[in-house]
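In what follows, a single structure is set out as structure tokens and then discussed.
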Protein chains: 4
Amino acid sequence: MPRAVREQQMMDAAVRTFGQLGYRAASMDEIAELAGVSKPLVYLYLNSKEELFTACIRREAAALVAAVQAGVESGATADRQLWSGLGAFFEHTASNPDGWAVLHRQARTHGEPFAGEVAVMRDEIVEFVTGLIGAAAREAHGGPSDRDAELLDRDVAGLAQALVGAAESLAGWANDTEGVSAKEAAATLMNFAWAGLGNLMRGVRWVPSAR
Amino acid sequence: MPRAVREQQMMDAAVRTFGQLGYRAASMDEIAELAGVSKPLVYLYLNSKEELFTACIRREAAALVAAVQAGVESGATADRQLWSGLGAFFEHTASNPDGWAVLHRQARTHGEPFAGEVAVMRDEIVEFVTGLIGAAAREAHGGPSDRDAELLDRDVAGLAQALVGAAESLAGWANDTEGVSAKEAAATLMNFAWAGLGNLMRGVRWVPSAR
Amino acid sequence: MPRAVREQQMMDAAVRTFGQLGYRAASMDEIAELAGVSKPLVYLYLNSKEELFTACIRREAAALVAAVQAGVESGATADRQLWSGLGAFFEHTASNPDGWAVLHRQARTHGEPFAGEVAVMRDEIVEFVTGLIGAAAREAHGGPSDRDAELLDRDVAGLAQALVGAAESLAGWANDTEGVSAKEAAATLMNFAWAGLGNLMRGVRWVPSAR
Amino acid sequence: MPRAVREQQMMDAAVRTFGQLGYRAASMDEIAELAGVSKPLVYLYLNSKEELFTACIRREAAALVAAVQAGVESGATADRQLWSGLGAFFEHTASNPDGWAVLHRQARTHGEPFAGEVAVMRDEIVEFVTGLIGAAAREAHGGPSDRDAELLDRDVAGLAQALVGAAESLAGWANDTEGVSAKEAAATLMNFAWAGLGNLMRGVRWVPSAR
DNA sequence: AATGAATGAGTATTCATTCAT
DNA sequence: AATGAATGAATACTCATTCAT
């Protein structure tokens, strides 16, 4: 069997094992067995547990980015692009839960070689989302006339951050709650984001009322 | 040294170690050394690694809930209560990063005894937030005149879920990002929540436009 | 509580624990708890696990010897003495299984301090039984006319040895088999011994027939 | 070195260690060192201390049964079969004291996984002996004319049980006593068994005389 | 291209034992 | 007469990794 194929088999097994058990709890024995090969072969191809995990992170990160990018309706209005991107994100993570677990949970909970690896992709996505949000903002609500761009950027970054957290939370909730589909969850999120965005653009902010 | 004191020392050490290294990577040796006691004493008082971790989760969960409840300005308007609770949440997580890491990251990435432990606390908080949001909605925007209460309830539940998820995500972001204070994070989140809530009340929703 | 009483409580607990779990598997913690005292007190009174076990062996050995001696109908015919002694042995071991386990099983399966301790008692009993058997032999079958005394002594020793093994085996069998009382088992054994003894006395022996 | 060979080496070391020190006192470290391999290899091949012990019990039980069966002179008269089987038993236990210690002493003194394992083999042997004794009885002393068959059966069962127990006890005695050969032990036992059997057949029994 | 055989370095857990009071 | 607090030393078991083929 050609090397490339074997490598993918191994990484499939590794992603599944890492995703479900975590980096430390996953054992090379288990991964090799799940991949249907002997342990030395895993080492021959992927060198060490650390490199194997890193390779998994990279592959899953690339797959997630590709899925989101492929999902975005290019040429559509910015809000529609955001919507379709969010949908693609939900779909990919839902259909590839182990990969998502590796990226979102495992890689970030274990020391430095890995967290940085994910941060790269995260920055890529945040930048992409930030671009979309920025465009959507300008398109739907006009340019930031009375607000300086820097402040807006920080808010947009905060929004992106909040969006991911909210999305993950909603995904779990939608799964566990009768009668709430992933699509509805996405719509709720979109609503949330859109309204906040609108206010942001208009310079309307909530401020603590006097006591 | 009395048992109760020693136990707290041990749990301090454990929270720090678990929070930074994760459940599996943390070793009982390390925890005992950091606590300044011998390993057998840790076992004598806390029985096993699993129970120790569970005890940490419970202590940190209780501390977080207590901090948030203490932070809420009772008697104030609902939005102000939400705001003050959020602020307390961000402040507690910022000043207690290891405890927060145990709850948010480590407990949830490792198998079932632990994830459930956190879920209990999380549900408590979600319910609390749901109450606040519901009250805020009624208070600030009037009763649900043209929308049936059931639909509103579902939206409020979704919003609460999203809000908590977003807050969790922002807590990490605020900790890691230079120049973002807990207060600012709370304000950002409040803005989004409030705007989304307002739209919700008014029946304004974002819907995918025709292609 | 006076020392002597406490010591007996501790040894009761120890015999039970050692008898059921064995020397190594029994823990001082368990023994102390079962005795209802703190561990340091056990050490204060009985010094070490080894000494505690030795003390148990001695106490149980003395009790067994005393029970058998008390059971023997002094002044009766030798066969009747043997019979009553066997009965007392069966009764004592049956009603004190943990003590018997300590002597027969545990003490002999663990290294040298202990095996020797039991050997002392065993020799005492074997000698006692040997005396009885010898007397019975002479009484019932006449002196060893045509056989030299030394050879007889060896046979008697073998018989005593076999008797103990057979007795133990029969005790277990009688306990597990419906409708076989300990007394019947003892009678069977007595028969066995008596017949063999008779032949022995008469110089009748089984020899391998030519093929 | 092929696995099968290594496994036997390990079990040799284990039988020796378990036989001399007992299940609890024997350490896997010691066994591995005695076998000339590293500890992980022992675990790789034999999984756990418990399974290793069980494997030892089974191997030694099978070896003992095989030795006895091989020793029985098939086709000979029943008494001669019994004699030769007994001789083989004493020879095997004498030349393989650690294996015998594992079976007779260690396996039975430690909890339930092990005691049952030995009981199976023991029952097999008892049944075999019962068959022989029954045959011998009929052959040498004629059918049970004046005694009902059922009563005889119970007596034969008791005798077999006692015989095996006595043999077990004598095995230890012969090993420990200068100048007692396996053959002599077998002869002694045979004498008793034969005499007891003879009396049994003839309906002669020892009964406690009136006081 | 692939594996059976093997291990050094850990990890959680337990236990007999002591000290200060 | 009695105990709460504490530990050094061991023990079963695991895992990432390599070597010879």
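A note on names: the letters A, B, ... follow the listed sequences, proteins ahead of strands, and every chain is numbered from 1. Owing to the predicted nature of the structure, the values given are computational and were not obtained by experimental measurement.
- Remark: D:N96 CG to D:E60 CD distance equals 5.0 Å, nearest 0.5 Å.
- Each of D:M1 and B:A26 was assigned the nucleotide of DNA chain E with the nearest heavy atom; the assignment lying further toward the 5' end belongs to D:M1.
- Rounded to an integer number of Å, the gap from D:R24 CZ to F:dA10 P is 17 Å.
- Other residues, nucleotides and ligands contribute more than 12 heavy atoms inside 6.0 Å of the CZ atom of B:R59.
- Judged by distance alone, with hydrogens and angles left aside, the side-chain atoms of C:K49 form no donor-acceptor pair with the main-chain N or O of C:S27 at under 3.5 Å.
- Ring planes of B:F53 and B:Y23: parallel class, angle under 30° (limits at 30 and 60°).
- Projected onto DNA chain E by closest heavy-atom contact, C:Y23 and D:R3 fall at different nucleotides, the more 5' of which corresponds to D:R3.
- A distance of 5.0 Å separates OG1 in B:T54 from CZ in B:F114, rounded to the nearest 0.5 Å.
- Under a 4.0 Å N-O distance rule, the pair B:E33/B:K39 does not qualify as a salt bridge.
- Remark: P of F:dA16 and CG of A:L21 are 11 Å apart, rounded to the nearest angstrom.
- Nearest heavy atoms, C:L103 versus C:V118: O-CG1, 3.7 Å.
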From CA spacing to verdict: side chain to side chain contact (heavy atoms under 4.5 Å, CB included), B:R24, A:L21: CA-CA 10 Å; B:R24 294 291 297 228; A:L21 302 180; over 6 Å; no
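- For DNA chain E, the residues of residues 35-49 of chain B within the heavy-atom distance limit of 4.0 Å (strictly under) are B:K39, B:P40, B:Y43, B:S48, B:K49, sorted by number.
- Taking the nucleotide of DNA chain F with the nearest heavy atom to each of C:P2 and D:S27, the more 5' of the two is matched to C:P2.
- Ion pair D:R105/D:D98 not flagged as a salt bridge, since none of the NZ, NE, NH1 or NH2 atoms sits closer than 4.0 Å to an Asp/Glu carboxylate oxygen.
- Shown here is A:R16, whose CZ atom has no more than 12 heavy atoms of other residues, nucleotides or ligands within 6.0 Å.
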Under the 3.5 Å Watson-Crick or G-U criterion, the dot-bracket string of DNA chain F, with | for inter-strand pairs: .||||||||||||||||||||
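- Taking atom CG of D:D29 as the reference point, atom P of F:dA10 lies 11 Å away to the nearest angstrom.
- A 4.0 Å heavy-atom criterion places the boundary nucleotides of DNA chain E facing chain A at E:dA1 to E:dA6, written 5' to 3'.
- By the 4.0 Å N-to-carboxylate-O rule, D:R108 lies close enough to D:E168 to be salt-bridged with it.
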